[in-house]
Amino acid sequence: MSSEDMKKRILSGIQPSGSFTLGNYIGAIRNWAALQDQFDCLYMVADLHALTVRQVPAQLRAHTCEAVSMLLAAGIDPKQSILFVQSHVPAHTQLNWILCCNCQFGELSRMTQFKDKSLSHPDNVNGGLFTYPALMAADILVYNADLVPVGQDQTQHLELARTVANRFNNLYSPTFHLPEGYITKEGAKIMSLADPSKKMSKSDPNVNSFVLMNDDKDTIIRKFKRAVTDSEGTVRYDVENKAGISNLMSIYHVFTGKDMSEIENEFSGRGYADFKAAVGEVVSDALAPIQGEYTKYMNDKAYLNEVLKDGAEKASRIADRMVSKVYKKVGLYQM
Ligand code: TRP
């Protein structure tokens, strides 16, 4: 086997929810790009998962192109990794059914995301929302992914994927690798600028609480200027007592590479206004080239389609083989 064959396989997905936030970038996408050399990576835009909440069709289509463009702009290299849209690879939904039949009602009922979303969308608690983790398990298991970079909010779903994989292996015969989470150390979780006890989220009604990847420089500077801090007036890393400043320091660290003590020294004796301005500057400087690339991809649908067609073909080649194997094992008649 060449070393190429021995690389561990990574799969991750992101829903096409419109423009990504700085939190999505720091917590997920940026790391995806960094993992490409070391691992055999598959990255997908989870458009089927997005259907578990009501979507405007034209918007979902647009958001899917936007998501793919942003992934490319953020450095996902389609020559190195397999970049695709979930619905373009039918094997996901094929395996989903088999896994649904091997997932218990009780297990799915215990998923905290299901419980949360049922409460926030009481008018649309649909079957897809309930079986969402089985589709996510299919996404992962259909490629026998070894590692799955996910945020804290998805670890319960990943645990369920392991449970189902293990159950299937015991019932039939060894088929699936048991996937493991891949949690990146620093900067994994970026908090809201308005309430640093909450995760930065685009669904927050306060637009000043998040920075979007496509925000222009003035907007970015303004949002950081308004970021909630504390009354101490010292730039010091202390997540418990100074969550706002610590969050800004994490962001500054990501884009400058400076560690926390260096940042503390740099801003010692200077006020928060100076520090916030500096954070706004480094973020807007870092995002400018990504925004440029993004626009380039958004204006080249022919290229996007080419990338996606190639990605879907490569992904299907792996995934179809797994589906045939699984269909056979569970006793579906093959001609
Ligand atoms: N459910 C994930 C989220 O909302 C997205 C996702 C779908 C995913 N399928 C996946 C992530 C498979 C990791 C692996 O964030």
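Counting convention: from 1, in listed order, for ligands and their atoms alike.
Remark: Glu306 does not engage Lys309 in a salt bridge, criterion side-chain N to carboxylate O under 4.0 Å. Salt-bridge annotation for Arg167 and Glu107: present, with a side-chain N of the basic residue lying under 4.0 Å from a carboxylate O of the acidic one.
When hydrogens are left out, the protein atom nearest atom 15 (O) of ligand 1 is Gln154 NE2, 3.7 Å; that is the closest non-hydrogen contact. Looking from atom 6 (C) of ligand 1 to the surrounding protein, the closest heavy atom is Gly13 O, 3.8 Å.
Those atoms of ligand 1 with a heavy atom of Leu11 less than 4.0 angstrom away are 12 (C), 14 (C). Atoms of ligand 1 found under 4.0 Å from any heavy atom of Ala46 (numbered from 1 in listed order, with element): 7 (C). Interface atoms of ligand 1 facing Met44, defined by a heavy-atom separation under 4.0 Å, are 7 (C), 9 (N), 10 (C). Taking a cut-off of under 4.0 Å to the non-hydrogen atoms of Val150, the atoms of ligand 1 that pass are 13 (C). The Tyr132 neighbourhood of ligand 1 comprises atoms 1 (N), 2 (C), 3 (C), 4 (O), with distances under 4.0 Å to a heavy atom of that residue. In summary, the atoms of ligand 1 found under 4.0 Å from a heavy atom of Asp139, numbered by their order in the structure, are 7 (C), 9 (N), 10 (C), 12 (C). Every atom of ligand 1 is numbered from 1 in the order shown, and the set under 4.0 Å from a heavy atom of His49 is 7 (C), 9 (N). Near Val148, meaning under 4.0 Å from one of its heavy atoms, ligand 1 places the atoms 13 (C), 14 (C).
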(Q) Using the rule given for side-chain contact (heavy atoms from CB on, under 4.5 Å), can you reason through Glu66 versus Tyr294, listing the C-alpha separation, both sets of side-chain angles and the distance that settles it, and then say yes or no? (A) CA-CA 8 Å; Glu66 288 163 19; Tyr294 170 82; 3.1 Å; yes

Q) Run the side-chain contact (heavy atoms from CB on, under 4.5 Å) check on Thr21 and Asn24 step by step: do they pass? A) CA-CA 5 Å; Thr21 66; Asn24 297 132; 3.2 Å; yes

Q: Report the C-alpha separation of Asp146 and Glu180 in whole Å, then their side-chain angles, then the decisive distance to 0.1 Å, and conclude whether the side-chain contact (heavy atoms from CB on, under 4.5 Å) test is met.
A: CA-CA 6 Å; Asp146 300 293; Glu180 282 177 41; over 6 Å; no

Q: Please test Ile290 against Tyr25 for side-chain contact (heavy atoms from CB on, under 4.5 Å), starting from the C-alpha separation and ending with a verdict.
A: CA-CA 11 Å; Ile290 298 176; Tyr25 178 69; 3.5 Å; yes

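Of the heavy atoms in Gln86, none comes closer than 4.0 Å to ligand 1.
In this structure, His177 contributes its side chain and Asn144 its backbone to a donor-acceptor pair below 3.5 Å.
Under the 6.0 Å cut-off for aromatic ring centres, His253 and Tyr237 do not qualify, their centroids lying 6.0 Å or more apart.
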